Amino acid sequence: MNYISICKNLIYSNNKRNWVDPQPVIRVSNTPSGKVQKRAHTLAIKDKNGDVVARIVSSQDGKPVISCGAKVAIITEYESEVI
């Protein structure tokens, strides 16, 4: 199991440095309060067959990744469902 989160402090830090050599803001750990296992600018989410079903993408230049101004977004390959 993976726990994926976005580090807003790193987004703020990247903003302060004008996105020069930005640090990856996507964080992956094995437990809710666990040590960081991976950091990324783009992270693929796969199904049990290893096929990519979604991606989490973050800005690497400070520009929004979607028009509402968000610097991080989840992009799915298939329809999503509210549960």
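Keep in mind that what you see is a predicted model, and the values were worked out from it rather than measured.
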Return the CD to CG distance between Gln23 and Asn9, rounded to the nearest 0.5 Å. 10.5 Å
Minimum-distance pair of heavy atoms, taken over all atoms of Asp47 and Asn49: OD1-N, 2.9 Å
Does atom CD1 of Ile74 have more than 12 heavy-atom neighbours from other groups under 6.0 Å away? no
Beyond-backbone contact of Ile75 with Val65, side-chain heavy atoms, under 4.5 angstrom: no
Close side-chain approach of Val28 and Val36, heavy atoms under 4.5 Å: no
Are any side-chain N or O atoms of Asn18 and backbone N or O atoms of Val20, one a donor and one an acceptor, separated by less than 3.5 Å? no
Matching residue for Asn14 among Cys7, Pro22, Ser59, Pro24 - test: side chain to side chain contact (heavy atoms under 4.5 Å, CB included): Pro22
So how far is it from Asp61 CG to His41 NE2, rounded to the nearest 0.5 Å? 10.5 Å
Identified side chain to side chain contact (heavy atoms under 4.5 Å, CB included) partner of Arg39 from the options Ile26, Leu10, Val25: Leu10
Looking at Val53 and Tyr78, what are the two nearest heavy atoms and their distance? CG1-CE1, 3.9 Å
Give me the atom names and distance for the closest heavy-atom approach of Glu77 to Ala54. CG-N, 4.3 Å
Is Gln37 reaching over with its side chain to a backbone N or O of Lys35, donor-acceptor style, under 3.5 angstrom? yes
dist Ile6:CD1 -> Arg27:CZ (nearest 0.5 Å) comes out at 10.5 Å
In terms of hydrophobic clustering (I, L, V, M, F, W, Y; side-chain heavy atoms under 4.5 Å; direct or indirect links), are Trp19 and Ile66 co-clustered? no
Of all the heavy-atom pairs spanning Ser29 and Gly34, show the shortest one and how long it is. CB-O, 3.7 Å
Please walk me through it: do Asn2 and Lys38 pass side-chain hydrogen bond (donor to acceptor under 3.5 Å, both in side chains)? CA-CA 10 Å; Asn2 286 294; Lys38 303 174 196 169; 5.1 Å; no
